[in-house]
Amino acid sequence: MKVLAALSGLTGVVEQTRQLRAAGVDGVFSFEGPHDVFAPLTLASTVGGLDLMTNVAIAFPRNPIHLAHQANDHQLLSEGRFVLGLGTQIRTQIERRFGVAFDRPVDRMIELVAALRAIFESWSTGSRLNFTGEYYQHTLMTPAFNPGPNPYGPPPIYVGALGPRLTRAAAEHADGLLVMPFSSRRFLHEVTMPAVQAGLRAAGRGDGEFTVVPEIIVATGVTESERTAAEAATRALLGFYGSTPAYRPVLAVHGWEALQPELNALSKQGRWSEMGALVDDEMLHTIAACGTPAEVAERIRDRVAVAGRMAGAVCVYQAVPSPPALIGEIVAALGRET
């Protein structure tokens, strides 16, 4: 099982990537935060030898041509080790922060994946670009803007999903699923994987033709005091996630759905520092993998096992990044037989 670690910020990304590679991770991933999602991976590509993944690039504010060029370039830079991970975000962020439409997000994502495949096909074969859909139309590709065939092939397209409709659509149309970090073993077993299987059946695909990549929130440390501090930061992170209505289904599986509107109310009042206190120990340890590196590795292994033979990698995500050497201890523990 491959282990990918999150890149944080832009300053020192190259050195951070070198240290992560030395620690034994298989790749690095970026996410949409205060910086562009592709910029850290461009820097990380200079280190070499690692998988690169956007987890996730917010899809709808970007045009498929923009995404295709970015993905194709990073496939070249990484020598064929890039994965384009796409996500929808939530309506409020898409409409109010990005200022674009969010109608019918599942249908829009399906069409965007199809548009990307059409663009990659045109570049690979020289065939005429002629994609006309409801949301995207691409019917011109002149030689000056055509990068030509990628020697490593087109990059795979993964979709980040939580709800069963988008999860099923990802399994039917994309190459892989990025499991959102605010999740649990039970949610993965009862909601995510049945939707994946439904999508694969609809597409006539087997388990071996699709990859599931859980992203797991990790809280660890060398000393007990470091682990306590990491858990406190993780409670705050879970409070932030839990305040979003889109994540209520995860809470509902465990009977915690009443917590979501309470967290949401605090967020609307700007009382961010109080939200973590509402995350009790049971919720913390159900959603996040906490403890020593060895204990974290065991919890990761237990979560990923739900995906069975489709589990191709795991992404380690932290509220406060650990030193690369500590991530290396998790990687080493995952590699040991149980």
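Remember, it's a predicted structure, so these values are computed and weren't measured experimentally.
- Residues R108 and D103 have side chains in contact (heavy-atom distance under 4.5 Å, counting atoms from C-beta outward).
- L10 contributes atom CG, which lies 4.5 Å from atom NE2 of H35 (distance to the nearest 0.5 angstrom).
- Clustering ILVMFWY residues whenever any of their side-chain heavy atoms sit less than 4.5 angstrom apart, transitively, puts W123 in the very cluster that holds L84.
- In Q269, the CD atom is crowded: over 12 heavy atoms of neighbouring residues, nucleotides or ligands sit closer than 6.0 Å.
- Distance alone, capped at 3.5 Å, places no donor-acceptor pair between the R185 side chain and the V306 backbone.
- The nearest pair of heavy atoms linking V3 to V331 is CG1-CG2, 3.9 Å.
- With hydrogens and angles disregarded, no donor-acceptor distance shorter than 3.5 Å links the side chain of T54 to the backbone of S30.
- Ion pairing of R81 with D26 is absent here, as no side-chain N (NZ or NE/NH1/NH2) approaches a carboxylate O to less than 4.0 Å.
- Remark: side-chain polar atoms of R117 are not paired, donor with acceptor, to backbone N or O of V113 under 3.5 angstrom.
- At least one side-chain heavy atom of M53 sits less than 4.5 Å from a side-chain heavy atom of L178.
- Summarising the geometry, atom CD belonging to E111 is positioned 11.0 Å from atom NE2 belonging to H173; distances are rounded to the nearest 0.5 Å.
- Under the 4.5 Å side-chain heavy-atom criterion for ILVMFWY residues, a single connected hydrophobic cluster contains both V106 and Y136.
- In this structure, the side chains of Q260 and P245 come closer than 4.5 Å at one or more pairs of heavy atoms.
- In terms of hydrophobic clustering, with Ile, Leu, Val, Met, Phe, Trp and Tyr side chains grouped at heavy-atom distances under 4.5 Å, L326 and V314 are assigned to different clusters.
- Put simply, the side chain of L177 reaches to within 4.5 Å of the side chain of T192, judged on heavy atoms.
- Between the side chain of S124 and the backbone N or O of E121, no donor-acceptor pair lies under 3.5 Å.
- Annotation for R303 and T286: closest pair NH2-O, 3.3 Å, computed over non-hydrogen atoms.
- Looking at Q137, its side chain does come within 3.5 Å of a backbone N or O of G133 through a donor-acceptor pair.
- The CZ atom of F98 sits 13.5 Å away from the CZ atom of R96 when rounded to the nearest 0.5 Å.
- Around the NE2 atom of H189, the shell of radius 6.0 Å holds no more than 12 heavy atoms that belong to other residues, nucleotides or ligands.
- Side-chain contact between F31 and N55: absent, with no pair of heavy atoms (C-beta onward) separated by less than 4.5 Å.
- Closest approach of F210 and A170 over heavy atoms only: CE1-O, 3.3 Å.
- Using a 4.5 Å heavy-atom cutoff, the side chains of D51 and K2 are in contact.
- A donor and an acceptor atom, one from each side chain of H254 and S184, are located under 3.5 Å apart.
- Classified by interplanar angle (parallel below 30°, tilted 30° to 60°, perpendicular above 60°), the ring pair H138/F131 is tilted.
- Proximity of I217 to S183: side-chain heavy atoms (C-beta onward) are nowhere separated by under 4.5 Å.
- Under the 3.5 Å distance criterion, the side-chain polar atoms of E329 are left unmatched by any main-chain donor or acceptor of P293.
- Residues L284 and W272 fall within the same hydrophobic cluster, defined by Ile, Leu, Val, Met, Phe, Trp and Tyr side chains chained together at heavy-atom separations under 4.5 Å.
- Counting only distance, with no hydrogens or angles, the side chain of Q19 and the backbone of Q16 share no donor-acceptor pair below 3.5 Å.
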* CA sep, side-chain torsions, deciding dist, call: M310, M193, side-chain contact (heavy atoms from CB on, under 4.5 Å) -> CA-CA 10 Å; M310 284 182 276; M193 293 312 297; 3.4 Å; yes
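- Around CZ of R165, the count of heavy atoms belonging to other residues, nucleotides or ligands within 6.0 Å does not exceed 12.
- Using a 30° and 60° split on the angle between ring planes, Y247 and Y241 fall in the perpendicular class, above 60°.
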* Asked: Q89 and F102: side-chain contact (heavy atoms from CB on, under 4.5 Å), yes or no, with the steps?
  -> CA-CA 9 Å; Q89 248 294 352; F102 189 73; 5.6 Å; no
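- Distance CG/L278 to CZ/R235: 11.0 Å, rounded to 0.5 Å.
- Residues Y158 and P156 are in side-chain contact: their nearest non-hydrogen atoms beyond the backbone lie under 4.5 Å apart.
- When all heavy atoms of V28 and L41 are compared, the pair lying nearest together is O-CD2, 4.1 Å.
- Nearest heavy-atom pair, L50 versus T17, reported as atom, atom and distance to 0.1 Å: CD1-CG2, 3.5 Å.
- In the displayed structure, F240 atom CZ is contacted under 6.0 Å by at most 12 heavy atoms of other residues, nucleotides or ligands.
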* Let me see the working for L7 and L20 under side-chain contact (heavy atoms from CB on, under 4.5 Å), right down to the final yes or no. => CA-CA 10 Å; L7 293 175; L20 286 168; 4.3 Å; yes
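- Here the CG atom belonging to L251 is positioned 8.5 Å from the CZ atom belonging to R248, to the nearest 0.5 angstrom.
- With rounding to the nearest 0.5 Å, the separation of NE2 in H285 from CD in E295 is 9.5 Å.
- Formation of a donor-acceptor pair under 3.5 Å by the R299 side chain with backbone atoms of A288 is not found in this model.
- No chain of hydrophobic side-chain contacts below 4.5 Å, direct or via other Ile, Leu, Val, Met, Phe, Trp or Tyr residues, connects I119 to L140.
- The existence of a salt bridge linking E15 and R18 is confirmed by a sub-4.0 Å separation between a basic side-chain nitrogen and an acidic carboxylate oxygen.
- A donor-acceptor pair is defined here as one N or O able to donate and one able to accept, closer than 3.5 Å; such a pair exists between the side chain of Q75 and the backbone of G153.
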* To do: Take N150 and F120, measure what side-chain contact (heavy atoms from CB on, under 4.5 Å) needs, and give me the verdict at the end.
  => CA-CA 9 Å; N150 192 309; F120 290 147; over 6 Å; no
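- Scanning all heavy atoms of the two residues, the minimum distance from R227 to G221 falls at NH1-O, 3.1 Å.
- In this structure, the side chain of S122 engages the main chain of S127 through a donor-acceptor pair within 3.5 Å.
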